[in-house]
Number of protein chains: 2
Amino acid sequence: MTTPKRVTKRRGETRQRLLDAALEVFAEQGFGRSTVEQVCDRAGYTRGAFYSNFASLDDLFLAMWEQRSTELIDGLREALATMDTARVKDVRGVVELVTPAVPVHDRWYRITAEFTAHALRNPALRSVMKTREEAIGGAITPVVAALLAKIGRETPDQVALGQALVAVHDGTAVQCLLEPDNPAVWRRRADLFERVLTAYSIETGGRT
Amino acid sequence: MTTPKRVTKRRGETRQRLLDAALEVFAEQGFGRSTVEQVCDRAGYTRGAFYSNFASLDDLFLAMWEQRSTELIDGLREALATMDTARVKDVRGVVELVTPAVPVHDRWYRITAEFTAHALRNPALRSVMKTREEAIGGAITPVVAALLAKIGRETPDQVALGQALVAVHDGTAVQCLLEPDNPAVWRRRADLFERVLTAYSIETGGRT
DNA sequence: TCGTCACGATACAAAAATGTATCGGATACA
DNA sequence: TGTATCCGATACATTTTTGTATCGTGACGA
């Protein structure tokens, strides 16, 4: 991987197609069991293209994960910004409004689970993950706090609420994915969110 | 792997040492990046021993995970049964009493994260995991409900509480492992448990 | 104590995966 | 349109990993 003086448009495309292929292959086989060649096959390239764009599978994994998770956070911000906040009347309403903005997809969950395990072994990746988790909390919490304020509830400790929401999301996601067709699990997930929001905010009476 | 008529004592030992080695190797390298030979080296055997005891790495992974997680649940039951429940006076006390019984070890977390991802790809493993999660909930919830009753709080929906506790445990575990030296994260974890226990139980006034 | 089978070591063949070095067509820029 | 160089394909050497087949030691039953 020598740094070129001039870069072509084509390069960006192949790089992207490799990143996309990686997501699919890693989700299907698991990162650990995936090979350079599998990713290249899926993308429609040979290993030559790969080694010209990435140093190793680890390198690709990190790049792919960072790209997809920033996209995910951007999408989240977007969804939160364009919500119809008019009809929210109670805590349950807040849950129902916010929940769809944070999707639970098993493909991405599998990737993240493995990336997390990977990150726990690698200090550099660990801080990448930490930053990411904070970004998610930072995107959601102010919005949720604002919605709660709208229905007359104050949020004394936004940081604590943020950590709680992320934890509940992560924890319940596995349960839902293990039994995707069991509506009771999903219902209990929503319930838990509702109770947590209630527990972390205080009724102040008047609506703003 | 032909089924032998006679089985020796030695066999059980080597099998066990392979299982133990697997835990270490998988935790260090990740299951996906581990090889049969690495496990054998660690255990002090050659591949001959491996193929005589297991059909594949997948087979070993499943066997190891089932063994360790039953041990874990047994330990949990044990710890819960021998608790000193006398000094519990409030919800916080319940949290402080129960929390140490459910350890947060990053080695085991890494294994579980990868096993979960693996299970989400494999329907057979999926139901294994589901059963396990239920067993954990089933072990903890009655004890917690009893403790809550002791301080005058009733638990209307134990199943919901169980799912909530498991989710909160899983979700906060990552956060704590990502920042093991940040006491604030651990404190917020305990806070969340306290609030959840409170939210899922109702004050009935009198103590039993 | 002897004979038999189990069990793990060793040897071997085959396959899979990696990384590099080189080549030729494509692409940017004059 | 010419030309320099970028970029991905191809070819190749090497290493890793796998699974099986065979052998010798030692355990177990009679």
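Every chain is numbered from 1, with letters handed out A, B, ... down the list of sequences.
- The nearest pair of heavy atoms linking A/Q158 to A/A145 is NE2-CB, 3.3 Å.
- Listed in residue order, the members of residues 17-31 of chain B having a heavy atom less than 4.0 Å from DNA chain D come to none.
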- prompt: So B/V104 and B/R189, side-chain contact (heavy atoms from CB on, under 4.5 Å) or not? Walk me through it.
  reply: CA-CA 12 Å; B/V104 175; B/R189 172 181 139 95; 3.7 Å; yes

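- Between B/F54 atom CZ and D/dG19 atom C1' the separation is 17 Å, expressed in whole Å.
- If you check every strand for non-hydrogen atoms under 4.0 Å, A/T35 touches sugar and phosphate atoms only.
- For the pair B/Y45 and A/S56, both in contact range of DNA chain C, the more 5′-proximal nearest nucleotide belongs to B/Y45.
- Salt bridge status for B/E114 with A/R121: present, with a side-chain N to carboxylate O gap under 4.0 Å.
- Here A/D90 does not pair with A/R153 in a salt bridge; the nearest charged N to carboxylate O distance is not below 4.0 Å.
- The separation between B/R15 atom CZ and C/dA6 atom P is 17 Å, rounded to whole Å.
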message: Counting primed atoms plus P, OP1 and OP2 as sugar-phosphate and everything else as base, spell out the protein contacts along nucleotides 25-30 of chain D at 4.0 Å heavy-atom distance: B, S or - for each nucleotide, 5' to 3'.
response: ---S--

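- Residue pairs meeting the side chain to side chain donor-acceptor pair (under 3.5 Å) criterion with at least one member in residues 30-43 of chain B, sequence neighbours excluded: B/E24-B/R42, B/E28-B/R42, B/Q29-B/Q38, B/E37-B/R47.
- Under 3.5 Å, the side chains of A/S52 and A/R11 contain a donor-acceptor pair of N or O atoms.
- For B/D191 and B/R92, the salt-bridge test passes: some basic side-chain N is under 4.0 Å from an acidic carboxylate O.
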Test log, rule salt bridge (Lys or Arg N to Asp or Glu O under 4.0 Å), inputs B/D20 and B/R15: CA-CA 9 Å; B/D20 293 347; B/R15 188 185 157 87; over 6 Å; no

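- In this structure, of D/dG8, C/dT18, D/dT18, it is C/dT18 that holds the atom nearest to the side chain of A/E37.
- Checking C/dT18, C/dA9, D/dA9 against the side-chain heavy atoms of A/A49 singles out D/dA9 as nearest.
- If one axis is set at each end of the helix from C/dT4-D/dA27 to C/dA30-D/dT1 from five pairs, those axes are 30° apart, to 10°.
- Atom CG of A/L60 is separated from atom P of C/dG19 by 13 Å (rounded to the nearest Å).
- Remark: P of C/dA17 and CG of A/D58 are 17 Å apart, rounded to the nearest angstrom.
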- request: Go through the steps for B/R188 and A/V159 under the test side-chain contact (heavy atoms from CB on, under 4.5 Å), then give the verdict.
  value: CA-CA 9 Å; B/R188 286 196 283 263; A/V159 178; 3.7 Å; yes

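- In terms of heavy atoms, A/F54 sits closest to A/A63 at CE2-CB, 4.2 Å.
- Under the 3.5 Å distance criterion, with hydrogens and angles disregarded, no donor-acceptor pair is assigned to the side chains of B/E133 and B/Q163.
- Contact between A/A22 and A/L60 at its shortest, heavy atoms only, is CB-CD2, 3.7 Å.
- Taking a cutoff of 4.0 Å between a charged side-chain nitrogen and a carboxylate oxygen, B/E13 and B/R17 do not qualify as a salt bridge.
- Each of A/T14 and B/L57 has a nearest nucleotide on DNA chain D; the 5'-most of these lies closest to A/T14.
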Pairs under 3.5 Å (N/O, protein and nucleotides 20-22 of chain D):
none

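- Taking the six-membered ring where tryptophan is involved, the planes of A/F26 and A/F61 are perpendicular, since the angle between them exceeds 60° and thus also 30°.
- Shown here for B/R126 and A/L177, the closest heavy-atom pair between the two residues is NH1-O, 3.3 Å.
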Atom pairs under 3.5 Å: protein N/O with N/O of nucleotides 1-3 of chain D:
none

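- Nearest heavy atom pair, residue B/S201 against residue B/L148, reads CB-CD1, 4.0 Å.
- The distance from atom CG of A/D59 to atom P of C/dG19 is 12 Å, rounded to the nearest whole Å.
- Between the C1' atom of C/dG19 and the CZ atom of A/F50 lies a distance of 11 Å, rounded to the nearest Å.
- The A/T46 side chain lies nearest to D/dT10 when the options are D/dC7, D/dT10, C/dT10.
- Side-chain N/O atoms of A/N53 include one lying less than 4.0 angstrom from OP1 or OP2 on D/dG8.
- Two residues are said to be in side-chain contact when any heavy atoms from C-beta on lie closer than 4.5 Å; A/H169 and A/I140 fail this criterion.
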